[in-house]
Amino acid sequence: MRENSDISALPRILLEWYDMHARRMPWRVPPAQRMAGTLPDPYRIWLSEVMLQQTTVATVGAYFERFTTRWPTVAELAAAQDADVMGEWAGLGYYARARNLLKCARAVVERHGGAFPADHAALLALPGIGPYTAAAVSAIAFDQPHTVLDGNVERVIARLYDIHTPLPGAKSELMEKAGALTPQTRPGDYAQAVMDLGATICTPRSPACGICPWRAPCAARAAGTAAALPKKTPKKAKPVRHGTVYLAQRSDGAWLLETRPDSGLLGGMLGWPGSDWVDSSLPMPESAAPLAANWRETPGEVRHTFTHFHLILRILQAKVEVDARPTTGHFVPRENFRPSDLPTVMRKAYDLVRTPSATAL
DNA sequence: AATTCGGGGTC
DNA sequence: GACCCAGAATT
């Protein structure tokens, strides 16, 4: 930021841009309605913000519609079965969010009588609500002047002030600068405006500085460093792990599945029984099959990449009789099995068994 | 402060 | 392939 520019003018400039260019989202109340006094339902803002954690707006859309149709209020969500919520979340990733979503809904009912608190500290004390989400809900749903610092805002502020300190170390400095900009008027629209700016103009690779409402005060624009900011500490390479999953189908069509433990990878999600997943430098782990059967190896393999490792899965498949008694997992009747309840890596295994792909040959 | 958590879109 | 995405919880 140039020293002679007045930061007090920046929020107003951005809000004027937002009034013209606000993105449309299913949970958002447009600026004209907000200025007329209409604020959004805090339940819908909270739900959207949790879904949006490390997830794109485009991906969230369909999930948000299904959740709000099935559970229109936080009280109805709080009364849902765990397995139903985990199933609806399947494919969205970061499944601790879904477990905390239920904990939070139930805490809102028990602690706050079914109404989300407007108080930032009370929000922060709820499961799955961290610094960003507490600020977003208080600002967007309650129009309180709290500062949101997500990936978009980090990028916008790092460029506006030409900050070269790498993330995540730069967070406190960025928060300080972003907080000084946060206005007392229309803080909810302002929070959404900064994020829209980062999502549509101040983009990671090739920012559209020429049409940016903040191009005049932007220090990185002046220095020619915008596209290189923010700097980030390098990430570690992903190792490769491998393992085995067992897909058993009973003669009546039921599938053998297990509900994974609440903690750890894919916690609380439905999946196929299988071995541990070990580093590829180690031999394939010897795992006991969930039941005695004529196991046959499915041609091909499942390849999947998680946040911090690549996975290669071998698939063993068997047909079993209705009197089979597995040592792990439980048979799910054909009519109760929704493949969409499976996390993506487990869905891939199912798809490979159902429709062997050309790459498997 | 570093690690653990998913998955898809994009270049 | 690598990077990014309206981050939070755990260690």
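For clarity, every value in this text was computed on a predicted model and none was experimentally measured.
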Chemist: Which nucleotide in the list C:dA6, B:dG7, C:dA8 gets nearest to the side chain of A:Gln53?
Modeler: C:dA8
Chemist: Return the value, rounded to whole Å, for the distance between atom CG of A:Leu266 and atom P of B:dG6.
Modeler: 5 Å
Chemist: Identify every side-chain donor-acceptor pair in residues 200-210 of chain A under 3.5 Å, counting partners at least two apart or on other chains, and give the distances.
Modeler:
from	atom 1	to	atom 2	distance (Å)
A:Thr200	OG1	A:Asp196	O	2.8
A:Thr203	OG1	A:Ser206	O	3.3

Chemist: State whether A:Thr344 places a side-chain N or O below 4.0 Å from either non-bridging phosphate oxygen (OP1 or OP2) of B:dG7.
Modeler: yes
Chemist: Restricting to salt bridge (charged side-chain N to carboxylate O under 4.0 Å, His left out), what partner residues turn up for A:Lys171, sequence neighbours left out?
Modeler: A:Glu154
Chemist: Base, sugar-phosphate or nothing for A:Gly198? Non-hydrogen atoms, less than 4.0 Å.
Modeler: nothing
Chemist: Roughly how many Å is it from CZ in A:Phe309 to P in B:dT4, rounded to a whole number?
Modeler: 10 Å
Chemist: Output yes when at least one side-chain N/O atom of A:Thr133 is less than 4.0 Å from OP1 or OP2 of C:dA6, else no.
Modeler: no
Chemist: Listed by chain and number, what are the ring pair (Phe, Tyr, Trp, His ring centres under 6.0 Å) partners of A:Trp17, not counting sequence neighbours?
Modeler: A:His21
Chemist: Check this for me: does any side-chain nitrogen of one of A:Lys348 and A:Asp351 sit under 4.0 Å from a carboxylate oxygen of the other?
Modeler: no
Chemist: What do the steps show when you test A:Glu301 against A:Leu352 for side-chain contact (heavy atoms from CB on, under 4.5 Å), and what is the final call?
Modeler: CA-CA 8 Å; A:Glu301 62 197 9; A:Leu352 190 59; 5.7 Å; no
Chemist: OP1 or OP2 of B:dC5 versus the side-chain N and O atoms of A:His308: is any pair under 4.0 Å?
Modeler: yes
Chemist: Is the distance from OP1 or OP2 of B:dG6 to the nearest side-chain N or O of A:His304 less than 4.0 Å?
Modeler: no
Chemist: Give me, pair by pair, the N or O atoms of the protein and of nucleotides 9-11 of chain C that are less than 3.5 Å apart, along with how far apart they are.
Modeler:
from	atom 1	to	atom 2	distance (Å)
C:dA9	OP1	A:Gly128	N	2.5

Chemist: Report the distance from atom CG of A:Asp196 to atom C1' of C:dA6, rounded to the nearest whole Å.
Modeler: 10 Å
Chemist: Whole-Å distance between C:dA8 P and A:Glu154 CD?
Modeler: 11 Å
Chemist: Residues two or more places apart in sequence or in another chain: which of them pass side chain to side chain donor-acceptor pair (under 3.5 Å) with A:Tyr63?
Modeler: none
Chemist: Please tell me whether A:Trp255 and A:Phe331 form a close aromatic pair, meaning their ring centres lie under 6.0 Å apart.
Modeler: no
Chemist: Look for any protein N or O under 3.5 Å of an N or O in nucleotides 3-5 of chain C and output each such pair with its distance, or none.
Modeler:
from	atom 1	to	atom 2	distance (Å)
C:dC5	OP1	A:Arg155	NH1	2.2
C:dC5	O2	A:Gln54	O	3.4

Chemist: Under 4.0 Å, counting only non-hydrogen atoms across every strand here, what does A:Gly169 touch: a base, just sugar-phosphate, or nothing?
Modeler: nothing
Chemist: What is the separation between atom CE on A:Met51 and atom P on B:dG7, rounded to the nearest whole Å?
Modeler: 15 Å
Chemist: Quick check for you: among C:dA6, B:dT3, B:dG6, whose closest atom lies nearest to any side-chain atom of A:Tyr95?
Modeler: B:dG6
Chemist: Rounded to whole Å, how long is the line connecting atom CH2 of A:Trp277 with atom P of B:dT4?
Modeler: 15 Å
Chemist: Scan the side chains in residues 73-80 of chain A for donor-acceptor partners under 3.5 Å anywhere in the protein, sequence neighbours excluded, and list what turns up.
Modeler:
from	atom 1	to	atom 2	distance (Å)
A:Thr73	OG1	A:Glu76	N	3.2
A:Thr73	OG1	A:Glu76	OE1	2.7
A:Glu76	OE1	A:Thr73	N	3.2

Chemist: For A:Pro239, give me all partners under side chain to side chain contact (heavy atoms under 4.5 Å, CB included), at least two apart in sequence or on another chain.
Modeler: A:Asp279, A:Phe309
Chemist: Considering only heavy atoms, which members of residues 61-80 of chain A lie under 4.0 Å from some atom of DNA chain C?
Modeler: none
Chemist: Give the table of side-chain donor-acceptor pairs shorter than 3.5 Å for residues 91-102 of chain A, with sequence neighbours excluded, one pair per line with atom names and distance.
Modeler:
from	atom 1	to	atom 2	distance (Å)
A:Tyr95	OH	A:Gly91	N	3.0
A:Arg97	NE	A:Tyr94	O	3.3
A:Arg97	NH1	A:Val50	O	3.1
A:Arg97	NH1	A:Met51	O	2.8
A:Arg97	NH1	A:Gln53	O	2.9
A:Arg97	NH1	A:Thr55	OG1	3.1
A:Arg97	NH2	A:Thr55	OG1	3.4
A:Arg97	NH2	A:Leu92	O	3.1
A:Arg97	NH2	A:Gly93	O	3.0
A:Arg99	NE	A:Asp262	O	3.0
A:Arg99	NH1	A:Asp262	O	3.2
A:Arg99	NH1	A:Gly267	O	2.8
A:Arg99	NH2	A:Asp262	O	3.1
A:Asn100	ND2	A:Ala96	O	3.3

Chemist: Roughly, in whole Å, what's the span from CG in A:Leu167 to P in C:dA6?
Modeler: 15 Å
Chemist: Rounded to whole Å, how long is the line connecting atom OH of A:Tyr132 with atom P of C:dA8?
Modeler: 8 Å
Chemist: Take atom C1' in C:dA6 and the same atom in B:dT3, then report the distance between them in whole Å.
Modeler: 22 Å
Chemist: Please list, chain by chain and in numerical order, all residues satisfying side chain to side chain contact (heavy atoms under 4.5 Å, CB included) with A:Pro261, sequence neighbours excluded.
Modeler: none
Chemist: Could you tell me if A:Gln317 and A:Tyr246 have a donor-acceptor pair between their side chains, going purely by distance under 3.5 Å?
Modeler: no
Chemist: Show the atom names and distances, to 0.1 Å, of all donor-acceptor pairs under 3.5 Å that link a side chain in residues 177-192 of chain A to residues at least two apart or in another chain.
Modeler:
from	atom 1	to	atom 2	distance (Å)
A:Thr182	OG1	A:Thr147	OG1	2.7
A:Thr182	OG1	A:Ala178	O	3.1
A:Arg186	NE	A:Asp189	OD2	3.3
A:Arg186	NH1	A:Asp19	OD1	3.4
A:Arg186	NH1	A:Asp19	OD2	3.3
A:Arg186	NH2	A:Asp19	OD1	2.7
A:Arg186	NH2	A:Asp189	OD2	2.9
A:Asp189	OD1	A:Arg34	NE	3.4
A:Gln192	OE1	A:Arg28	NE	3.0
A:Gln192	NE2	A:Gly188	O	3.3

Chemist: Could you tell me how far B:dG6 sits from C:dT11 if I compare only their P atoms? Round to whole Å.
Modeler: 15 Å
Chemist: Assign A:Met25 to base, sugar-phosphate, or nothing according to its heavy-atom contacts below 4.0 angstrom with the strands shown.
Modeler: base
